[in-house]
**Q** 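One structure, pasted below without further comment.
Owing to the predicted nature of the structure, the values given are computational and were not obtained by experimental measurement. Below, all heavy atoms of this structure are taken into account, side chains as well, without hydrogens, waters or symmetry copies.
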Amino acid sequence: MMGLDDFKDVALKYKVIFFDAYGVLKNYKGMLPGVKEMFHFLQENNIAFYILTNDASRSPELLAKSYIDAGIVEVNESKIISSGMLAREYIQNKVQRGRIAYLGTEASAHYIENEGLNTISIKDVDLENYIDISALVLLDDEGFDWNVDLIKALNLIRKKPIPVIVANTDGTYPVTRKDVAISVGAVGDMLEALARKTFIRFGKPDSQMFSFAFDYCAKEHDVTKKDILMVGDSLITDIIGGNKFGIDTCLVLTGNVQPDSYELMIRSYGIIPDYICESIVL
C-alpha cells in the first residue's frame with residue numbers, strides 16, 4: 001500500500017515548487033478548490049513557485065489572467081513557463097529570415113513573432129507561392145480548418161525542407177470529467193508520420209523544458225536541483241520529466257491519475273514519484 005503525503009508538509013521542504021497547471025491547479029470547470037489558499041501559504045513561507053505548462057495557445061500574460069481573474073494575485077506572467085517560450089527561443093536562435101507559418105490562433109502566434117520575421121497562418125499560405133516560408137510551428141488545435149489546412153501543412157513540409165516545431169507535445173486534453181479533445185501534439189505526430197520527417201518538440205516530459213525552467217528561476221533564486229519540487233498529475237509527463245531531470249516529484253490525484261487507480265498506474269508504468277498527495281489543498 002502506497003501511503004499518501006500531506007502537501008503542506010511536503011511543500012515546506014523546498015525553496016521552489018514547479019506546478020503543472022491542468023489537473024493540479026485547475027480543470028475544465030475552472031480553478032480547483034484550495035488553490036488560492038495554497039499560493040498564499042507559499043508566499044507566507046517564502047517558497048517560490050512557477051507554473052510549467054505545455055499550453056502554447058496563449059501568451060504568459062493571458063495564461064496568468066485566468067488566475068488573476070480568480071483572485072489569485074500571486075500568479076502573474078513572470079510565474080508562467082510555457083513550452084511556447086522554448087519554441088520562441090529556438091526560432092530566435094535558428095530561424096533568421098523569411099516567413100514562419102503556424103497552426104493555431106492569432107493569440108498563439110505571440111510566441112513566434114520576432115523582429116525581422118513575418119508570421120502567417122497556415123490558412124493564408126499559398127502553396128503556389130511558399131518559397132520564403134522558413135519554418136512551420138504547431139501551436140494550438142484551433143484557428144484553422146482541420147481538413148483543408150492540415151492537408152496544406154502536410155504538402156508544405158513535403159515540398160520544402162523546413163524545420164517543423166511542435167510547441168505543445170500533449171496528445172489530448174480533458175474537456176469534461178470523462179472526455180478529451182485532440183491536442184496539437186497529436187496533430188504533430190500524425191503529420192510527422194505522414195511526411196516521414198522528424199519534428200522538433202518542446203514541452204514536458206522533455207528535459208529541455210525543465211532545464212529552461214531551472215535556468216529561468218535560478219536568475220531570481222539561489223537554488224540547486226535539490227531545492228526544487230515538481231508537482232503534477234501525470235506520470236508520463238510531469239513525474240517522469242522531473243525524475244529524469246533530477247528533481248523531486250509529487251504526484252497529485254486530481255487529474256490524470258485518480259485515487260482509485262494510482263497504485264496500479266505507478267506499478268504499470270514503473271514511474272515512481274517521491275511523494276503522492278491527494279491534492280494541493282493544505
Side-chain angles (χ1 to χ4, degrees), residues 18-28 50-66 77 80-92 94-95 100-113 119 121-123 135-144 146 149-150 153-154 157 163-175 179-195 197-213 216 230 232-242 255-256:
F18 291 162
F19 290 98
D20 178 40
Y22 218 92
V24 177
L25 305 175
K26 56 185 178 179
N27 62 17
Y28 62 94
Y50 297 89
I51 298 171
L52 273 62
T53 175
N54 284 354
D55 188 348
S57 66
R58 291 168 292 165
S59 68
E61 181 180 8
L62 289 176
L63 290 171
K65 187 177 184 298
S66 64
E77 63 179 298
I80 306 291
I81 301 175
S82 84
S83 55
M85 296 165 69
L86 279 79
R88 178 172 59 196
E89 183 179 65
Y90 175 88
I91 289 167
Q92 288 174 343
K94 294 290 188 180
V95 183
I100 302 174
Y102 67 90
L103 271 76
T105 62
E106 289 186 14
S108 66
H110 157 87
Y111 289 108
I112 59 174
E113 292 169 350
T119 61
S121 171
I122 191 67
K123 66 178 183 288
L136 174 66
V137 186
L138 279 59
L139 294 165
D140 194 9
D141 59 289
E142 298 181 351
F144 58 91
W146 274 61
D149 294 328
L150 285 184
L154 174 61
I157 57 181
V164 181
I165 300 109
V166 184
N168 179 351
T169 55
D170 289 347
T172 63
Y173 60 93
V175 290
D179 299 326
V180 299
I182 298 172
S183 185
V184 74
V187 175
D189 292 342
M190 178 186 71
L191 291 176
E192 185 178 49
L194 294 171
K197 296 188 178 182
T198 301
F199 293 177
I200 300 159
R201 286 175 167 76
F202 295 111
K204 299 171 291 182
D206 193 282
S207 61
Q208 191 171 357
M209 180 75 168
F210 291 89
S211 180
F212 183 90
Y216 187 92
M230 176 68 213
D233 70 308
S234 170
L235 290 167
I236 59 175
T237 56
D238 307 314
I239 305 305
I240 190 62
N256 278 298

**Q** With rounding to the nearest 0.5 Å, note down the distance linking CZ in Phe18 to CD1 in Ile51.
**A**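 Answer rounded to 0.5 Å: 12.0 Å.
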**Q** Can you list everything that forms a side chain to side chain contact (heavy atoms under 4.5 Å, CB included) with Leu194? Sequence neighbours excluded, please.
**A**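 Here the qualifying residues are Leu154, Met190.
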**Q** Other residues, nucleotides and ligands only: do more than 12 of their heavy atoms fall within 6.0 Å of NZ on Lys94?
**A**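 No, because the 6.0 Å sphere around NZ of Lys94 holds 12 heavy atoms or fewer from other groups.
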**Q** With heavy-atom distances below 4.5 Å as the criterion, would you say the side chains of Val187 and Asp141 are in contact?
**A**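 Of all side-chain heavy-atom pairs linking Asp141 with Val187, none is under 4.5 Å.
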**Q** Can you name the nearest heavy-atom pair linking Phe210 to Asp238, along with the distance?
**A**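 What the structure gives for the nearest pair is CZ-O, 3.9 Å.
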**Q** Take a 6.0 Å sphere around CD1 of Ile200 and say whether it holds more than 12 heavy atoms from other residues, nucleotides or ligands.
**A**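 It does: Ile200 CD1 has more than 12 such atoms within range.
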**Q** For a quick test of reading the model, state the closest non-hydrogen atom pair linking Ile80 to Pro60 and the distance between them.
**A**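 Shortest heavy-atom contact: CG1-O, 3.8 Å.
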**Q** Is there a side-chain contact between Ser234 and Asp20 in this structure, where contact means two heavy atoms from C-beta onward sitting under 4.5 Å apart?
**A**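 No; the side chains remain at least 4.5 Å from each other.
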**Q** Between the side chain of Tyr90 and the main-chain N/O of Met85, is any donor-acceptor distance below 3.5 Å?
**A**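 Answer holds: no.
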**Q** Any chance you could measure Asp170, atom CG, to Lys204, atom NZ, to the nearest 0.5 Å?
**A**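 Reported value, rounded in 0.5 Å steps: 7.0 Å.
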**Q** May I ask you to check whether Tyr50 and Tyr216 place their ring centres under 6.0 Å from each other?
**A**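 Yes - the distance between ring centres of Tyr216 and Tyr50 falls below the 6.0 Å cut-off.
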**Q** Just by distance, do the side chain of Thr172 and the backbone of Val180 share a donor-acceptor pair under 3.5 Å?
**A**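 Checking the backbone N and O of Val180 against the side chain of Thr172, no donor-acceptor pair under 3.5 Å is found.
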**Q** Using side-chain heavy atoms (C-beta onward) and a distance below 4.5 Å, is Ile157 in contact with Phe199?
**A**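 The answer is yes, as the side chains (C-beta and beyond) meet within the 4.5 Å cut-off.
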**Q** Would the distance check show the side chain of Asn54 and the main-chain N or O of Ser83 forming a donor-acceptor pair, the cut-off being under 3.5 Å?
**A**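 Not a single qualifying donor-acceptor pair exists.
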**Q** Can you measure from CZ (Arg88) to OG (Ser82) and round to the nearest 0.5 angstrom?
**A**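 Separation between the atoms: 7.5 Å.
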**Q** For a quick test of reading the model, state the closest non-hydrogen atom pair linking Ala109 to Tyr102 and the distance between them.
**A**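 The pair with the smallest heavy-atom distance is CB-CZ, 3.7 Å.
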**Q** Could you please spell out the steps behind the side chain to side chain contact (heavy atoms under 4.5 Å, CB included) verdict for Met230 and Ile239?
**A** CA-CA 7 Å; Met230 176 68 213; Ile239 305 305; 5.6 Å; no
**Q** Could you state the interatomic distance from CZ (Phe144) to CD1 (Ile122), rounded to the nearest 0.5 Å?
**A**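 The CD1 atom of Ile122 is 9.5 Å from CZ of Phe144, to the nearest 0.5 Å.
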**Q** If every non-hydrogen atom of Tyr22 is compared with every non-hydrogen atom of Asn27, which pair is closest and at what distance?
**A**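 The pair with the smallest heavy-atom distance is OH-C, 3.2 Å.
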**Q** Under 6.0 Å from the NZ atom of Lys65, do we count more than 12 heavy atoms belonging to anything else shown?
**A**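 Open: at most 12 neighbouring heavy atoms sit under 6.0 Å from NZ of Lys65.
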**Q** Applying side chain to side chain contact (heavy atoms under 4.5 Å, CB included), run through Asp189 and Arg201 and close with a yes or a no.
**A** CA-CA 10 Å; Asp189 292 342; Arg201 286 175 167 76; 2.7 Å; yes
**Q** Check Leu103, Val184, Asp140, Asp55 against Ser108 for a side-chain contact (heavy atoms from CB on, under 4.5 Å) and give me the one that passes.
**A**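 When Leu103, Val184, Asp140, Asp55 are each tested with Ser108, the side-chain contact (heavy atoms from CB on, under 4.5 Å) holds only for Asp140.
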**Q** Tyr28: what forms a ring pair (Phe, Tyr, Trp, His ring centres under 6.0 Å) with it, not counting sequence neighbours?
**A**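 Tyr28 satisfies ring pair (Phe, Tyr, Trp, His ring centres under 6.0 Å) with no other residue.
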**Q** Answer yes or no: is there a side-chain heavy-atom contact under 4.5 Å between Leu139 and Ile112?
**A**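 With C-beta onward as the side chain, the pair touches.
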**Q** To the nearest 0.5 angstrom, please state how far the CG atom of Leu63 sits from the OG1 atom of Thr53.
**A**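 So the gap between those two atoms works out to 6.0 Å.
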**Q** Is a side-chain donor or acceptor of Thr169 paired with a backbone partner of Gly185 at a separation under 3.5 angstrom?
**A**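 Looks like no, no N/O pair under 3.5 Å.
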**Q** Just do the side chain to side chain contact (heavy atoms under 4.5 Å, CB included) check on Lys197 and Val164 with the steps written out, would you?
**A** CA-CA 9 Å; Lys197 296 188 178 182; Val164 181; over 6 Å; no
**Q** Please identify each residue that fulfils side chain to side chain contact (heavy atoms under 4.5 Å, CB included) with Lys123, with sequence neighbours left out.
**A**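 Ser121, Asp149.
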**Q** Working to the nearest 0.5 Å, report the span between CG of Leu52 and CZ of Phe19.
**A**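 So the CG of Leu52 and the CZ of Phe19 are separated by 11.0 Å.
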**Q** Minimum heavy-atom separation for Val175 to Ala181, with atom names?
**A**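 Looks like CG1-CB, 3.8 Å.
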**Q** If only atom types and distance count, is the side chain of Asp206 paired as donor or acceptor with the main-chain N or O of Phe202 below 3.5 Å?
**A**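 No, the answer is negative, given that no donor and acceptor are paired below the 3.5 Å cut-off.
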**Q** So, for Met209 and Ile81, which heavy atoms are closest and what is the spacing to 0.1 Å?
**A**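 In this case the closest contact between Met209 and Ile81 is CE-O, 3.6 Å.
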**Q** Show, in sequence, the C-alpha distance, side-chain angles and deciding distance for Leu138 and Leu191, and conclude whether the side chain to side chain contact (heavy atoms under 4.5 Å, CB included) test is met.
**A** CA-CA 10 Å; Leu138 279 59; Leu191 291 176; 4.2 Å; yes
